Each structure stands twice: as structure tokens, then as C-alpha cells.
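Everything below concerns the one structure shown next.
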Amino acid sequence: MSKIILTGDRPTGRLHVGHYVGSLKERVKLQNSGEYDEIYIMIADAQALTDNAEHPEKVRQNIMNVALDYLACGIDPEKCHIFIQSMVPELTELTFYYMNLVTVSRVQRNPTVKAEIQQRNFEASIPVGFFCYPISQAADITAFRATTVPVGEDQMPMIEQCKEIVHKFNSVYGETLTDPEIVLPSNKSCLRLPGIDGKAKMSKSLGNCIYLSDEEDVVKKKVMSMFTDPNHLRVEDPGQVEGNPVFIYLDAFCKDEYFEEFWPEYKNLDELKAHYQRGGLGDVKVKKFLNKVLQAELAPIRARRKEWEQKLPEVFAILKEGSKAAEAKAAETLQDVKAAMRINYFDDADFLN
Ligand code: ATP
Ligand code: MG
């Protein structure tokens with residue numbers, strides 16, 4: 001069986017460091033492993049419209065932003081098809097058929113959707129499309145016969161939902177769809193990077209992000225303003241590292257070499273944490289170090305993004321090519337799906353009988 005990757009992001013803003021450690025970095029690693037036969041990376045504009053129906057301009061403008069962020073992080077258009085979701089209308093058709101395989105109460109139970117509904121203050125005015133986006137995501141994954149879906153932890157309920165749809169479809173209509181597996185980042189602190197405000201998740205919609213394209217001074221300002229341990233009032237006080245975003249970011253980004261380079265007083269993160277926990281280490285010093293680490297990680301990404309910004313027509317061509325390849329693949333799957341459901345009337349010699 002071919003090994004196929006499908007993954008993507010909503011074009012609701014530029015991508016942030018949470019995307020990077022939670023999913024992008026893993027994708028680049030998988031891309032370069034040479035183990036995958038096909039890789040599809042989707043800019044999920046149709047999904048972004050489910051909670052931005054009144055702001056299509058925002059979605060439109062962020063398509064190029066997301067594409068640039070991908071290329072900046074090392075997604076290679078020679079190895080991956082980068083495509084725009086709405087340019088593959090087969091996905092919408094699949095969604096419509098899958099909707100009949102899921103109950104309303106099942107969608108209501110999805111913990112990520114529940115949390116997002118709360119976060120967006122939808123209350124009683126939840127758009128039906130938003131409510132159903134896990135089903136459309138199942139269409140995205142299965143259309144490409146994806147075996148592997150590298151995403152952040154918040155996507156786990158979506159993959160579960162997708163697997164249920166696959167099993168249901170295959171049991172009703174016969175073995176047709178491929179069962180996907182989720183790949184989470186191996187570093188636990190990357191599973192769900194918190195925001196600079198200390199909120200549980202860095203998210204475009206919450207405005208608590210460090211963006212991959214933020215300039216050096218912006219990153220510094222954001223790091224220096226970060227939420228830390230609220231009980232660590234004086235330098236002498238013992239500090240807490242668990243749940244402290246500054247240390248979670250260090251867990252996600254810091255390598256031992258950075259101590260040698262920027263802070264040789266400590267050998268590694270464990271030593272630094274021990275000092276903070278003992279007391280006698282101020283937040284400003286730790287934040288200054290975190291800033292240096294982040295700058296070192298982000299500088300090459302920022303530079304590559306600037307290069308691609310000079311070549312927008314090339315980026316446009318990459319998206320167009322990618323969308324064409326994606327559509328061809330999705331059309332094949334849709335044909336199989338319709339054949340399995342026996343709604344392929346004009347291709348079915350038995351139909352007239
Ligand atoms: P929005 O607020 O518009 O939903 P988002 O910041 O949640 O934006 P998505 O486009 O929904 O970003 O997510 C894209 C991918 O990035 C998903 O695989 C998701 O799991 C991952 N991801 C997003 N935010 C984080 C985070 N803070 N930590 C780890 N992974 C993340
Ligand atoms: Mg999201």
C-alpha cells in the first residue's frame with residue numbers, strides 16, 4: 001500500500017510558532033524521510049469560511065501568507081502538492097455523502113468543536129457548516145487515501161471521527177476508504193503550545209501568537225511581555241516551571257548548543273530549571289535567553305520567507321499545479337465512492353436492467 005500524507009491549515013492568519021512545533025516541523029521531517037509516496041498539503045479555505053463567512057477577504061488574503069509560511073519552513077513543492085481546498089470541489093461532494101453516516105449527537109460530542117464553539121462565543125448561532133467541519137475534514141483525508149496525518153493534538157477527535165466514517169462507509173458500501181493514522185509531535189511540550197498570554201493554546205483566533213514572520217523586534221517584545229509564573233514575584237522566590245509558558249517554549253525550542261552559545265553558565269535546560277525552582281533567578285534573564293533561542297530558530301525561516309515574497313508568481317504557479325494534482329487524485333476517489341454507493345448511474349452497465 002502507498003504511504004500518503006494529508007495535512008493542512010486554515011488561512012485565517014499567518015502561521016505561528018505553535019503550528020511550527022506542533023505540525024510543520026514534523027511535516028518537513030516526514031517529507032525529507034523519503035518514506036512517503038505522495039504528500040498533500042491543504043490550505044483549508046473552505047473550512048476557514050465555516051466561521052468566517054462574513055470575512056471572505058480575510059481568508060483570501062491569508063492564502064498567500066500560509067503558502068509563504070510553508071515554503072519558508074522548508075515544505076518543498078518538488079516533493080509535496082500544496083493546494084487550495086475550494087479548488088478541489090470533489091471534497092464538497094464527498095462531504096455531502098459522509099454527512100449521512102454521522103449523527104447530530106455524535107458531532108455535538110466532539111470535544112474540540114465544543115471548545116471552539118465556546119471560544120468563538122457562538123452560543124445558539126453556530127453555523128451549520130462550522131458544526132460539520134469534522135465531516136468535511138474526513139472528506140479531505142479520505143479523498144487522498146491518506147495513511148498518515150501529521151497534526152497537532154487538538155486534531156485527535158477529528159481523526160477519530162474520520163476513522164468512524166471510514167469504518168461505517170466500508171461496512172455499508174464495501175471496502176473502499178483508507179483508514180488514516182494521526183502522527184503527533186514526539187516532543188510532549190509541542191503537542192499544544194500555549195499562547196504568550198498563558199492561555200492553553202496559541203491560536204490565530206485568540207491573538208496570542210508569535211508569528212513565524214514576525215520581525216526580530218516584534219518577537220523580542222512579545223517574549224519580554226510573556227506570562228510566566230504569577231507567584232514568582234521577587235527574584236529570590238522559588239519559581240514554578242510546570243505550566244509556565246516561558247519554560248514550555250524552551251522545552252519546545254531549546255537545544256543544548258544554545259546554552260554554550262548564549263548562556264554558558266548552565267549546561268542544559270535541566271540546570272536552568274533547577275535554579276529557577278530553587279529561587280534566585282529572575283524572569284527577565286530567562287526571557288532574554290528564550291528570545292535568543294527563538295531568534296536563532298526563526299531567522300532562517302524569516303529569511304527564506306523574504307526570498308519567496310520576491311517570487312509571488314512562482315508561489316501562485318505552485319498552488320495552481322498543486323491544486324490540479326490534488327483534484328485529479330480526489331476525482332479518482334470520488335469515482336470509487338460513487339461506484340461503491342452505486343450512484344454512478346451512467347458508468348454502470350447494470351443500471352438499465
Ligand atoms: P484558528 O484559530 O483559525 O483555528 P489555529 O491557530 O488553531 O487557527 P489551525 O489552522 O486550526 O490553527 O491548525 C493547523 C494545525 O496546527 C493543526 O494541525 C493544529 O493541531 C496545529 N496547531 C495549531 N495551534 C497549535 C498549537 N498552539 N500548538 C500545537 N499545534 C498547533
Ligand atoms: Mg484551529
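Every number for a ligand or one of its atoms is a count from 1 in the order of the listing. Each residue takes its place number in the sequence, starting with 1. The shown structure was predicted, so the numbers you read here are calculated from the model rather than taken from an experiment.
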Under 3.5 Å, N or O to N or O, is [X] touching ligand 1 that way?
X	value
His19	yes
Leu193	yes
Lys201	yes
Thr12	yes

Of all the heavy-atom pairs spanning [X] and [Y], show the shortest one and how long it is.
X	Y	result
Val235	His232	O-NE2, 3.9 Å
Gly74	Gln31	O-NE2, 3.0 Å
Ser136	Gln85	OG-NE2, 4.2 Å

Can you tell which part of [X] has a heavy atom less than 4.0 Å from ligand 1: side chain, backbone, both or neither?
X	answer
Glu116	neither
Met158	neither
Arg10	both
Val21	neither

What atoms of ligand 1 come closer than 4.0 angstrom to any heavy atom of [X]?
X	result
Arg192	28 (N), 29 (C)
Gly22	29 (C), 30 (N)
Val151	18 (O)
Cys190	29 (C)
Arg120	4 (O)
Asp9	10 (O), 14 (C), 15 (C), 16 (O)

Can you say whether the rings of Phe83 and Tyr40 are parallel (under 30°), tilted (30 to 60°) or perpendicular (over 60°)?
-> perpendicular
Taking atom NZ of Lys285 as the centre, report whether more than 12 heavy atoms of other residues, nucleotides or ligands fall under 6.0 Å from it.
->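 No, because the 6.0 Å sphere around NZ of Lys285 holds 12 heavy atoms or fewer from other groups.
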Decide if atom NZ of Lys267 counts as having more than 12 heavy atoms of other residues, nucleotides or ligands within a radius under 6.0 Å.
->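 No, NZ of Lys267 has 12 or fewer neighbouring heavy atoms, counting only those of other groups under 6.0 Å.
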Can you list, pair by pair, the side-chain donor-acceptor contacts under 3.5 Å of residues 243-265, counting residues two or more places apart and other chains?
{"from": "Asn244", "atom 1": "OD1", "to": "Val246", "atom 2": "N", "distance (Å)": "3.1"}
{"from": "Asn244", "atom 1": "ND2", "to": "Gln240", "atom 2": "O", "distance (Å)": "3.1"}
{"from": "Asn244", "atom 1": "ND2", "to": "Tyr276", "atom 2": "OH", "distance (Å)": "3.4"}
{"from": "Tyr249", "atom 1": "OH", "to": "Pro194", "atom 2": "O", "distance (Å)": "2.7"}
{"from": "Tyr249", "atom 1": "OH", "to": "Ile196", "atom 2": "N", "distance (Å)": "3.4"}
{"from": "Asp251", "atom 1": "OD1", "to": "Lys273", "atom 2": "NZ", "distance (Å)": "2.9"}
{"from": "Asp251", "atom 1": "OD2", "to": "Lys273", "atom 2": "NZ", "distance (Å)": "3.3"}
{"from": "Lys255", "atom 1": "NZ", "to": "Glu297", "atom 2": "OE2", "distance (Å)": "3.2"}
{"from": "Tyr258", "atom 1": "OH", "to": "Glu297", "atom 2": "OE2", "distance (Å)": "2.7"}

Could you name each residue pair satisfying side-chain hydrogen bond (donor to acceptor under 3.5 Å, both in side chains) that touches residues 322-332, not counting sequence neighbours?
-> Glu38-Lys329
From the options Gly18, Pro194, Pro11, Gly152, select the one whose nearest heavy atom is closest to atom 29 (C) of ligand 1.
-> Gly18
When rounded to the nearest 0.5 angstrom, what distance separates CG in Leu298 from SG in Cys73?
-> 9.0 Å
Would you confirm whether Asp37, through its side chain, and Lys3, through its main-chain N or O, come within 3.5 Å as a donor-acceptor pair?
->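 Side chain of Asp37 to backbone of Lys3: a pair is present.
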